[in-house]
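These numbers come from the heavy atoms of this one structure, side chains and all, not from hydrogens, waters or symmetry mates. Residue numbering restarts at 1 for every chain, and letters A, B, ... go by the order of the sequence lines.
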Amino acid sequence: GDSVTQMEGPVTLSEEAFLTINCTYTATGYPSLFWYVQYPGEGLQLLLKATKADDKGSNKGFEATYRKETTSFHLEKGSVQVSDSAVYFCALSDKNAGNMLTFGGGTRLMVKP
Amino acid sequence: DAGVIQSPRHEVTEMGQEVTLRCKPISGHDYLFWYRQTMMRGLELLIYFNNNVPIDDSGMPEDRFSAKMPNASFSTLKIQPSEPRDSAVYFCASSFSGSSYEQYFGPGTRLTVT
């Protein structure tokens, strides 16, 4: 079945550092790919998405590129802020699975001033 | 739009009691999902509905859990009887089949069973 693998956290960075959170996937079809963010005490929020190969999703300074050849969707940000501290989830949706999402295990990011 | 609404936000109950969690999806959305989140097991899909019909309940842990969606604007997740291991944050999410599958999550209900 479909699966998503994320790097384990926590990831601890200093403010203004460069962020990469790795995400790879296994899927039988041509999935759409997502990054969700969960701030403390809140539900998950869609951060960005890409629906086909080579698409780049971007939002709030974060970006991720859908790489079909490496089955990856790594999240990057050039300069993190303390307010980016949260848990980040990579997810995929296969057209053959209705509107279900398969989530990775989440990666906790901690940004220190 | 108010987003997905869940109630209550916090619930503390004693073991053996019945617990009912409620969800109002975003108007116009035709999919509704119930998830459970714990430190040990992460985010788990319990059940999801399409047009008010349960499609996949394979994630429901046991017969003590049941979910209903009597209409397009309301769903419940019931635990009877509750046990301490049911303590978790329960999320409801909804989505629209005409979109690119993104789900919109509610704020969650934090359940503590003592």
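Using a 4.5 Å cut-off between heavy atoms, A:Gln38 contacts chain B through its side chain alone, with no backbone atom that close. Neither the backbone nor the side chain of B:Ile55 comes within contact range of chain A; no heavy atom of the residue lies under 4.5 Å from a heavy atom of that chain. Looking at B:Gln6, there are no atoms closer than 4.5 Å to chain A (heavy atoms on both sides), in backbone or side chain. For a residue to count as touching a neighbouring chain, one of its non-hydrogen atoms must lie under 4.5 Å from one of that chain's; by this rule A:Leu46 touches chain B with the side chain only. For B:Arg9, the part lying near chain A is the side chain, with the backbone staying farther off; criterion is any non-hydrogen pair under 4.5 Å.
Counting heavy atoms of neighbouring residues, nucleotides and ligands inside a 6.0 Å radius, atom CZ of B:Arg110 does not exceed 12 of them. Applying the 6.0 Å contact sphere to OH of A:Tyr30 captures no more than 12 heavy atoms from other residues, nucleotides or ligands.
With salt bridges taken as basic N to acidic carboxylate O contacts below 4.0 Å, one links B:Asp86 and B:Arg64.
Among B:Pro107, B:Gly108, B:Gly106, the residue making the largest number of heavy-atom pairs under 4.5 Å with chain A is B:Pro107.
In this structure the side chain of A:Trp35 reaches within 4.5 angstrom of the side chain of A:Tyr88, judged on heavy atoms.
Taking the six-membered ring for Trp and the full ring otherwise, B:Phe91 and B:Tyr35 have centroids separated by 6.0 Å or more.
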